[in-house]
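Since the structure comes first, as structure tokens, the remarks are kept for the end.
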Amino acid sequence: IESVHAKRKGDVKSAEITDDQHQQILELAKCPNIRERFIASIAPSIYGMWHVKTAIALSILGGERKIAAGKHRIRGDINTLIVGDPGLAKSQFLKYIEQTAPRAVYTTGKGASAVGLTAAVTRDEHGQWCLEGGAMVLADDGICLIDEFDKMNDQDRTSLHEAMEQQTISISKAGIVASLQARCAVVAVANPTEGRYDPQRTFAQNVNLSDPILSRFDMLCVLRDESDAVQDERLADHVVCSHIRSHPEATGEARNIRPKLEQKASHVQPIDQDLLRSYIVYARQKVHPKIQDIDKEKLANFYKDIRAEAFSSGGAPMTARHIESIIRLAEAHAKIELRQHVTSRDLDNAIGVMLESFIQSQKHQVSEELRKKFRRYIAQATPLADQFALLLERLFKEKTERVRFSRQGGYEGDLSQVAVKMSDVVQQIEQNDIDLEEAHSFMRTSRFSNNYRLEGETIYRIS
């Protein structure tokens with residue numbers, strides 16, 4: 001092949017950002033809620049699933065690679081495993097990453113073998129042995145996306161162990177001894193063994209994956225298809241509006257249509273996708289956060305507590321790798337705000353993400369107890385407004401379920417007539433150690449008035 005100029009596809013180091021884009025990126029980073037806006041911009045056509053979007057956002061940005069004493073290399077890429085019921089847009093998330101990340105290689109578990117993912121030794125046209133890189137080698141400095149991860153053979157999955165932790169692939173075949181770089185994050189998607197995720201069973205019982213491979217994932221996301229009348233209505237409205245906007249012959253008015261029940265529209269505005277891609281390239285190129293004044297005692301206490309729970313209650317394995325995972329997640333949170341140092345807030349957010357990942361992998365009964373036990377860590381990672389919004393959502397969901405079960409044939413009435421008393425709300429606020437003054441402040445915001453109405457001592461949901 002004769003060429004004048006060759007450019008490596010998806011190379012972050014060679015990507016150029018114009019002065020206008022640079023100015024827009026720096027202005028965007030100054031937004032007080034840039035973290036929420038960045039996460040909300042991940043796959044905006046998919047409704048909800050905040051934890052999965054957070055995991056994907058952190059995986060795309062990644063942490064910092066380090067070389068410890070003795071030339072031991074510590075990976076900076078963040079691996080994520082998404083497990084869930086069918087029809088919850090898991091593969092759509094992977095396709096979105098493929099389109100958005102600077103470099104991403106997509107493959108499926110059933111259509112990929114061990115050599116297809118790592119490296120293969122083949123004969124060239126002259127009959128000489130040659131080395132061909134697989135998906136993880138091609139995704140070097142990017143993201144490797146593996147769909148249908150549970151359908152892979154155990155032997156093929158075992159070949160990923162070295163690539164996912166040491167980030168190298170060692171080959172010793174046909175007289176060729178080589179070590180290839182595979183410095184990529186892995187985002188894998190799997191289905192439960194029984195087709196649907198059973199919350200009464202542990203994560204290991206639901207997913208046929210060994211502990212060595214599970215411990216190499218920094219985050220686990222569990223998606224469950226649960227019935228919720230209000231959320232289902234919002235989801236249907238979101239999908240219909242998305243179809244109207246995306247039609248190739250849609251008019252200007254149709255392209256601006258928005259769901260009437262879009263809850264987060266009042267306080268989180270998604271970033272334009274072109275600007276988001278430039279933002280990701282800039283963050284990966286220029287931002288290298290340092291860990292200096294991190295609260296080591298808090299991290300040590302959290303690891304000690306969560307490790308004790310992991311051994312007593314089952315669920316996902318917690319190993320020393322997860323200490324490094326929390327540090328990587330804190331660095332990725334700093335990258336979202338384009339900061340060159342990690343703050344205590346980043347550590348709180350990282351612990352919150354890790355804790356949510358661990359709790360989701362537990363049985364339903366155990367997960368509720370864990371939320372109460374680790375409440376102080378969740379409170380530090382979640383803004384008070386979000387805590388109060390989640391509390392109200394839970395109260396209305398429980399009340400709707402009680403009304404539905406108390407009436408034969410189910411409840412088909414107007415959901416806006418389901419009411420929650422202020423006394424119940426105050427009781428929950430006190431149990432969750434939420435500041436009462438902050439709760440009153442939230443009730444005066446547009447986020448509350450857009451979704452709820454207060455009549456005397458009773459709160460109703462706006463439908």
Checklist entry - Can you check side chain to side chain contact (heavy atoms under 4.5 Å, CB included) on Q205 and T193, steps first, answer last? => result CA-CA 8 Å; Q205 290 169 332; T193 49; over 6 Å; no
Test item: [X] and [Y] side chains (from C-beta on) under 4.5 Å apart, heavy atoms:
| X | Y | result |
| --- | --- | --- |
| L299 | I327 | yes |
| M49 | L88 | yes |
| V83 | L223 | no |
| T80 | C221 | yes |
| M354 | M318 | yes |
| M136 | C144 | yes |
| R307 | H322 | no |
| H51 | V353 | yes |

Next on the checklist: Parallel, tilted or perpendicular: which one describes the rings of F38 and Y279, with boundaries at 30° and 60°?
Outcome noted: tilted
Checklist entry - Using 30° and 60° as the class limits, which term best fits the ring planes of F149 and F217: parallel, tilted or perpendicular? => result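 Judged by the thresholds at 30° and 60°, the geometry between F149 and F217 is perpendicular.
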Salt bridge or not between [X] and [Y]? Use side-chain N to carboxylate O under 4.0 Å.
| X | Y | result |
| --- | --- | --- |
| K90 | D147 | no |
| K363 | D198 | no |
| E337 | R35 | no |
| E98 | K95 | yes |
| E309 | K373 | yes |
| K421 | D424 | no |
| R328 | E64 | no |

Could you tell me whether [X] atom [atom1] has more than 12 heavy atoms of other residues or ligands within 6.0 Å of it?
| X | atom1 | result |
| --- | --- | --- |
| E297 | CD | no |
| D295 | CG | yes |
| K290 | NZ | no |
| H341 | NE2 | yes |

Item to check | Full working for side chain to side chain contact (heavy atoms under 4.5 Å, CB included) between N191 and K151 | outcome: CA-CA 9 Å; N191 287 313; K151 307 293 189 301; 3.7 Å; yes
Checklist entry - Among I34, L338, D272, L276, which residue meets the side-chain contact (heavy atoms from CB on, under 4.5 Å) test with L28? => result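 The residue from I34, L338, D272, L276 that satisfies side-chain contact (heavy atoms from CB on, under 4.5 Å) with L28 turns out to be I34.
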Let me confirm one number: the [atom1]-[atom2] distance from [X] to [Y], rounded to the nearest 0.5 Å.
| X | Y | atom1 | atom2 | answer |
| --- | --- | --- | --- | --- |
| Q273 | I42 | CD | CD1 | 7.5 Å |
| L81 | L209 | CG | CG | 6.5 Å |
| L94 | I82 | CG | CD1 | 6.0 Å |
| L180 | D140 | CG | CG | 9.5 Å |

Next on the checklist: Distance alone, cut at 3.5 Å: any donor-acceptor contact between the side chains of D77 and Q167?
Outcome noted: yes
Item to check | Donor-acceptor side-chain pairing of T319 and S215 below 3.5 angstrom | outcome: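 Looking only at side-chain atoms, S215 and T319 do not form any donor-acceptor pair under 3.5 Å.
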Next on the checklist: Before you tell me yes or no, could you show the steps for V425 and L395 under side chain to side chain contact (heavy atoms under 4.5 Å, CB included), namely the whole-Å CA-CA distance, both residues' side-chain angles and the distance that decides it to 0.1 Å?
Outcome noted: CA-CA 8 Å; V425 176; L395 282 173; 3.8 Å; yes
Next on the checklist: Walk me through whether L214 and F203 qualify under side chain to side chain contact (heavy atoms under 4.5 Å, CB included).
Outcome noted: CA-CA 10 Å; L214 284 178; F203 187 83; 3.6 Å; yes
Item to check | Worked verdict on T202 versus Q362 for side-chain hydrogen bond (donor to acceptor under 3.5 Å, both in side chains) | outcome: CA-CA 5 Å; T202 61; Q362 302 291 332; over 6 Å; no
Item to check | Intermediate values then yes/no, side-chain hydrogen bond (donor to acceptor under 3.5 Å, both in side chains), T168 and E162 | outcome: CA-CA 6 Å; T168 57; E162 183 196 357; 2.9 Å; yes
